[in-house]
*Asks:* 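Take a look at the following structure, please.
Please read these numbers as outputs of a predicted model, since none were measured by experiment.
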Amino acid sequence: MNEKQIRKNMAILPVSSISKLTGLSPRQLRYYEQFDLVHPKRSKGNQRLYSLNDIDCLLDIKDYLSSGMTMAEVKRVMLKQSPIADQETAEVSDTAARKIFSKEMLQIGRWNIHDSNNLY
DNA sequence: ATTCTCACA
DNA sequence: TGTGAGAA
């Protein structure tokens, strides 16, 4: 992978930053981790270290949850197009990903996408 | 000062 | 999910 991808998975932001950037509470961020929705690295102090890629995932997750999906459902969608880890993360972290996500949702067909209930 | 884990009025 | 205790 090139520098671009490396950095996307290198960012090491503390949970507080992620919380502000995603609008999710630290509690939720840790909770989502239990479902393998995100894979933050850990510092020696056992501190969670999120990458820019994780932020991207979190934002999508947030979107899906707002659309009425549950953790298990979101997880399934994520696993099908989340090559994250430290392999060959193609450059489909933003735009392309969004399209794929939408496609997945429509295919699985069951989550009607009428209105986004932003309740926060 | 921050974050982590665990458990619950 | 939120919140607080106790440790790192």
Side-chain angles (χ1 to χ4, degrees):
Chain A
M1 55 172 91
N2 54 52
E3 320 299 306
K4 196 183 288 183
Q5 278 104 36
I6 293 179
R7 307 195 194 197
K8 281 191 177 185
N9 298 323
M10 242 187 24
I12 46 189
L13 307 134
V15 62
S16 64
S17 300
I18 305 301
S19 181
K20 293 176 185 174
L21 288 162
T22 64
L24 296 166
S25 69
R27 178 75 174 81
Q28 290 175 294
L29 296 175
R30 293 166 189 140
Y31 189 57
Y32 296 165
E33 187 179 349
Q34 297 187 343
F35 288 81
D36 295 313
L37 266 51
V38 285
H39 326 132
K41 293 180 177 57
R42 294 303 187 111
S43 66
K44 290 184 178 180
N46 200 39
Q47 303 281 100
R48 271 165 248 269
L49 303 176
Y50 293 84
S51 67
L52 296 179
N53 213 313
D54 290 325
I55 295 179
D56 206 82
C57 292
L58 264 341
L59 290 175
D60 285 325
I61 292 171
K62 181 175 179 291
D63 249 52
Y64 295 162
L65 293 175
S66 295
S67 299
M69 278 199 262
T70 63
M71 306 291 218
E73 297 168 338
V74 176
K75 181 178 180 180
R76 293 194 54 173
V77 180
M78 295 300 281
L79 293 176
K80 282 198 173 296
Q81 55 67 224
S82 180
I84 40 183
D86 37 63
Q87 299 174 46
E88 39 89 2
T89 304
E91 64 169 279
V92 282
S93 303
D94 27 80
T95 57
R98 279 190 154 292
K99 299 186 64 177
I100 297 176
F101 276 68
S102 299
K103 186 179 178 182
E104 282 287 15
M105 290 177 72
L106 293 174
Q107 289 190 326
I108 300 177
R110 99 152 266 211
W111 358 91
N112 24 332
I113 319 167
H114 41 284
D115 60 317
S116 305
N117 308 313
N118 302 312
L119 49 168
Y120 39 91

*Asks:* Between A:Asp54 and A:Ser51, is any side-chain donor less than 3.5 angstrom from a side-chain acceptor?
*Replies:*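 On atom types as modelled, these side chains qualify, holding a pair under 3.5 Å.
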*Asks:* Tell me the interatomic distance from A:Lys41, atom NZ, to B:dT3, atom C1', rounded to whole angstroms.
*Replies:*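 Roughly 18 Å, once rounded to whole Å.
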*Asks:* Group every Ile, Leu, Val, Met, Phe, Trp and Tyr by side-chain heavy-atom contacts under 4.5 Å, then state whether A:Leu59 and A:Met69 land in the same group.
*Replies:*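 Shared cluster, yes.
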*Asks:* Going by the rule side chain to side chain contact (heavy atoms under 4.5 Å, CB included), which residues pair with A:Ser16 if we only count those two or more places apart in sequence or in a different chain?
*Replies:* A:Pro14
*Asks:* Using side-chain hydrogen bond (donor to acceptor under 3.5 Å, both in side chains) as the criterion, list what pairs up with A:Glu33, not counting sequence neighbours.
*Replies:*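 A:Glu33 satisfies side-chain hydrogen bond (donor to acceptor under 3.5 Å, both in side chains) with A:Arg48 only.
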*Asks:* To check you understand the geometry: which heavy-atom pair defines the closest contact between A:Val38 and A:Tyr50, and what is its length?
*Replies:* CG2-CE2, 4.4 Å
*Asks:* Reading 5' to 3' and counting Watson-Crick or G-U wobble pairs with both distances under 3.5 Å, write the dot-bracket notation for DNA chain C, | for bases paired outside the strand.
*Replies:* .|||||||
*Asks:* Counting only heavy atoms and a strict 4.0 angstrom limit, can you tell me which residues of residues 15-25 of chain A come near DNA chain B?
*Replies:* A:Val15, A:Ser16
*Asks:* Tell me, please, the opening and closing nucleotides of DNA chain C, 5' to 3', among those with an atom under 4.0 angstrom from a non-hydrogen atom of chain A.
*Replies:* C:dT1 to C:dT3
*Asks:* Report yes or no: does A:Asp56 contribute a side-chain atom to a donor-acceptor pair with the main-chain N or O of A:Asn53 at less than 3.5 Å?
*Replies:* no
*Asks:* Using a cut-off of 4.0 Å on non-hydrogen atoms, how would the nucleic acid contact of A:Pro14 be classed: base, sugar-phosphate, or nothing?
*Replies:* sugar-phosphate
*Asks:* Quick test of your reading: applying ring pair (Phe, Tyr, Trp, His ring centres under 6.0 Å), list the pairs with at least one residue in residues 5-28 of chain A, sequence neighbours left out, ordered by first then second residue.
*Replies:*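 Sorted result for residues 5-28 of chain A: empty, none.
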*Asks:* Once side chain to side chain contact (heavy atoms under 4.5 Å, CB included) is applied, do any residues pair with A:Leu52, and if so which ones, sequence neighbours excluded?
*Replies:*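 Per chain and number, A:Leu52 pairs via side chain to side chain contact (heavy atoms under 4.5 Å, CB included) with A:Ala11, A:Leu13, A:Ile55.
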*Asks:* Kindly write out the residues that satisfy side chain to side chain contact (heavy atoms under 4.5 Å, CB included) with A:Phe35, not counting sequence neighbours, or none if the list is empty.
*Replies:*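 For A:Phe35, the residues satisfying side chain to side chain contact (heavy atoms under 4.5 Å, CB included) (neighbours in sequence not counted) are A:Tyr31, A:Leu37, A:Met71.
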*Asks:* Starting at the 5' end of DNA chain C, which residue's closest nucleotide do you reach first, A:Gln47 or A:Met71?
*Replies:* A:Met71
*Asks:* For A:Ser19, enumerate each residue passing the side-chain hydrogen bond (donor to acceptor under 3.5 Å, both in side chains) test, keeping only those at least two apart in sequence or located in another chain.
*Replies:*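 A:Ser19 satisfies side-chain hydrogen bond (donor to acceptor under 3.5 Å, both in side chains) with no residue once adjacent residues are dropped.
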*Asks:* Identify, with sequence neighbours excluded, every residue that meets side chain to side chain contact (heavy atoms under 4.5 Å, CB included) alongside A:Met10.
*Replies:*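 Only A:Ile6 meet the side chain to side chain contact (heavy atoms under 4.5 Å, CB included) criterion with A:Met10.
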*Asks:* What is the distance from CG of A:Leu49 to P of B:dT3, rounded to the nearest Å?
*Replies:*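 Value for this atom pair: 11 Å.
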*Asks:* Taking N or O atoms only and anything under 3.5 Å, show me the protein contacts with nucleotides 6-9 of chain B, one pair per line.
*Replies:*
none

*Asks:* Just to verify, what does A:Ser25 make a side-chain hydrogen bond (donor to acceptor under 3.5 Å, both in side chains) with, not counting sequence neighbours?
*Replies:* A:Gln28
*Asks:* Return the 5'-most residue of the pair A:Leu65, A:Gly45 with respect to DNA chain C, ranking by each residue's nearest nucleotide.
*Replies:* A:Leu65
*Asks:* Spell out, yes or no, whether A:Ile18 and A:Ile12 are grouped together once hydrophobic residues are joined by side-chain heavy atoms under 4.5 Å, including indirect joins.
*Replies:* no
